[in-house]
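Heads up, the thing below is written out as structure tokens.
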Amino acid sequence: MKPFFSQFMIDLIVARRNMFFIIVLSIALLYSMIVNFVIPSKTESYSINFYILDASVNAKYKQALMSSDYKTFTVSSLDSIKESMSKDKSALGLVLKDDGIEIVFQGYESLQQRNIIKSIFSVLYDTLNNQNSIAAYKTTVLKKSAKKLPLNMKMIPVLLATDIIMLGFMFVAAMIFQEKKEGGLYAYRVSPCGTLNYILSKVIVNVMISVLFGVVFLFFTLGFKTNYFYFLSMIFLGAFLISLLGIFLAQFYSSLNEFIVVALIFNAVMALPVVSYFNPLIDIQIFKIIPSYSLIYASDEIISSVKNSYTLNTLLNLFIQISIFFPATYFSVRKTLIKKVIL
Amino acid sequence: MISVQNLSHKYPGNSDYSVRGISFDIGKGEIFGFLGPSGAGKSTVQKILTGLLKKQEGHILIEGTEIDLLNKDFFEKIGVSFELPNLYEKLTGYENLKYYAGLFSRKTFDPLQVLSWVGLENDAHKKASAYSKGMKQRLVFARAVINDPELLFLDEPISGLDPATALSVKRVITDFKDRGKTIFLTTHNMFLADEICDNIAFLNEGQILAMDTPKKLKLKYGSYSVNVEYRKDKKILTELFFLDKDEEKKRLKEVIDGYEIITMHSREATLEEIFIKLAGRGLN
């Protein structure tokens, strides 16, 4: 235990004097402020404006539309619709007639999106004409207990996961490159401390940095209204896995300059699940094996749901991935860093 | 303590061997000097002996155990001082020693005590990055002895140090020898080797040219020489004459007969002169 503690103290002091703790604390506070004060809880980008011309006899649809959930603006002519839509690129136009409905698209909508919109307005049209087609539909809600997250709260999983992954990955790699540059690794290699302590001390320091970030960020955004046990378990395991990945990849490069391309690719890949998170239509299967995917969705579930089945599954998966990846990192580090001299 | 037989090593990508079939033995409590110019293969041998490089050809026994079979108990008992400073620059001198000492299970020295041995006690709490090159070199030396090793590997331990500090380091080395520790010293400093080594080996281009005690090497390969200071055309010149060479004897006679002699001293050949004689090149 003494050799591990000594190497851990070396890594901890190096991390502290490299300002890693100050950096994550600053980022946690900055993110908290962004979530609390900058990102709105609702965003206009989630709703579409409709410019509507009621061309029916006696303008019979006008009143019904004004009281609907849709954000509508009534206009007096088709030209007005076109003019309004040219200024508001997310808007759609509707011309409601006695014998049907005319939808005016911007032009960038896909065929799939157009069909969905057509279906929605066909139902709306039937409803407005008292044909009550809604009754023909049966609805099922998958997560009855889930609450819909406001946009700023929806950002928390993304900011949490990207910090743990991107900063954690870079910090652990920076520690290794600093050791290589200064030559401390040579001195370590002629000590009896061994590979296991070398890996574990760096991983634990990195996990501590991530946990610190997580606690500060979650406290200032969610307060006491969340399950810290699940969150901290996920951060611990997620940071552990990412640290192993960072060590595994960094060992093959001699400097941060050489490594930067790998880091950029790694971070770009890790950012892909964010696309799925904000646009569920782009839920590509392969994204699900990227560690950030499960971290983001599990965080979302912890915040929004009383059930935590996905979170528990994520924790188990992270544990399994660490169990597989730890021996791989151990043997490769032993061979590449601890036993081989880089001349 | 250490027995090396037919050790050879070739770096990947090099066509020539860096070390070629060398053999030597080091007894317990002995200071063994490995002498040679830069690129002779000294550091390569030290890296192999400390496990930093994998042995390719030959046999190395340390306390009767083949080096490939040595485990972490071996690293508990060794101390290694590197030629180039390799420290945790963000840590203070004290922290570098304290936490390095913590990597060992055996009893270690107090870091402040070791820092005082090398004259760094007043800079103990400065970051290593603020140290001069000489201070870093001393700290690396201090780190090598912090675990009170049974076997100490020193690579150019007084290189770049001022005479007073070099003397302190030499005292620590001889104290360790007096306490029965074995020391493997690689250097191109012949004065240091002559002063503190029990046995030395001359290494050149990966091969051992000669190996014995400094005294025996001088008796075997050295010859008495005469250092003459004389006046020629109003200038004072100094010349060294080896008396075992007829050519130089003749030249000495010419100087004595032809010029005003100011001083003339006979002296023993130095290890450096013997090395030049054997290798045909100097040490620097």
Side-chain angles (χ1 to χ4, degrees), chain A residues 1-23 171 174-202 204-205 209 254-256 330 334-343, chain B residues 9 11-14 18 43-44 46-54 68 70-92 94-106 108 127-129 136 139-140 143-144 146-147 149 151-153 155:
Chain A
M1 202 61 194
K2 187 181 128 197
F4 166 76
F5 179 73
S6 294
Q7 184 56 35
F8 170 75
M9 284 306 294
I10 291 174
D11 288 330
L12 187 67
I13 294 170
V14 168
R16 185 165 64 82
R17 294 196 180 144
N18 277 334
M19 316 279 274
F20 289 172
F21 289 94
I22 301 287
I23 291 169
F171 282 170
M175 287 167 83
I176 286 180
F177 290 126
Q178 190 167 358
E179 217 164 36
K180 281 184 177 182
K181 187 183 166 196
E182 292 174 351
L185 189 61
Y186 288 92
Y188 185 83
R189 287 178 48 171
V190 292
S191 80
C193 205
T195 310
L196 188 65
N197 288 329
Y198 179 83
I199 296 172
L200 274 181
S201 71
K202 282 175 179 50
I204 298 299
V205 167
I209 293 171
S254 56
S255 72
L256 201 54
Y330 174 84
R334 189 164 179 264
K335 190 181 171 194
T336 309
L337 279 185
I338 304 296
K339 293 285 178 191
K340 185 181 171 187
V341 169
I342 299 161
L343 297 165
Chain B
H9 189 87
Y11 285 104
N14 282 11
S18 299
S43 297
T44 301
Q46 177 169 312
K47 280 178 184 168
I48 295 169
L49 290 176
T50 54
L52 282 172
L53 271 182
K54 194 166 171 56
D68 301 329
L70 291 169
N71 54 23
K72 72 172 195 175
D73 292 340
F74 168 68
F75 293 105
E76 280 284 345
K77 291 191 288 190
I78 68 164
V80 184
S81 175
F82 298 85
E83 184 180 4
L84 295 173
N86 52 358
L87 299 156
Y88 286 96
E89 304 256 334
K90 297 275 180 185
L91 270 61
T92 64
Y94 175 78
E95 288 166 344
N96 262 288
L97 293 194
K98 182 185 172 188
Y99 296 119
Y100 192 75
L103 304 181
F104 296 85
S105 301
R106 66 192 274 135
T108 55
K127 278 189 195 170
S129 57
K136 284 179 183 174
L139 186 57
V140 168
R143 188 182 61 194
I146 191 78
N147 60 322
L151 180 53
L152 188 54
F153 294 92
D155 195 350

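Since this is a predicted model, take the numbers as computed values, not measurements. In what follows, every chain begins at residue 1, and chains take the letters A, B, ... in the order their sequences are listed.
Enclosure of atom CZ in Phe5(A) is not indicated, since only 12 or fewer non-hydrogen atoms of other residues, nucleotides or ligands lie within 6.0 angstrom.
Interface remark: Ala101(B) contributes backbone atoms only to the contact with chain A (heavy atom separation under 4.5 Å). Residue contact with chain A, scored on non-hydrogen atoms closer than 4.5 Å, involves the backbone and the side chain of Leu91(B) alike. Contacts of Glu95(B) with chain A are made by side-chain atoms alone, with heavy-atom separations under 4.5 Å and no backbone atom involved.
Taken to the nearest 0.5 Å, the CD atom of Glu179(A) stands 11.0 Å off from the CG atom of Asn86(B).
A donor-acceptor pair under 3.5 Å links the side-chain atoms of Lys2(A) to the main chain of Phe104(B), judged by distance alone. For Tyr100(B) (side chain) and Ala187(A) (main-chain N/O), a donor-acceptor pair under 3.5 Å exists by modelled atom type.
The minimum heavy-atom distance between Glu182(A) and Tyr88(B), with the atom names listed, is OE1-CA, 3.5 Å. The nearest pair of heavy atoms linking Ser6(A) to Gly102(B) is OG-CA, 3.0 Å. Contact between Tyr99(B) and Ile13(A) at its shortest, heavy atoms only, is CE1-CD1, 3.4 Å. Heavy atoms only, all atoms of each residue included: Pro3(A) and Leu103(B) are closest at O-CD2, 3.6 Å.
In terms of heavy-atom pairs under 4.5 angstrom with chain A, the leader among Lys77(B), Glu76(B), Lys90(B), Lys72(B) is Lys90(B). The greatest number of non-hydrogen atom pairs below 4.5 Å with chain A, out of Asn147(B), Leu87(B), Thr50(B), is found for Leu87(B).
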Margin query: Before you tell me yes or no, could you show the steps for Lys98(B) and Met9(A) under side chain to side chain contact (heavy atoms under 4.5 Å, CB included), namely the whole-Å CA-CA distance, both residues' side-chain angles and the distance that decides it to 0.1 Å?
Written below: CA-CA 10 Å; Lys98(B) 182 185 172 188; Met9(A) 284 306 294; over 6 Å; no
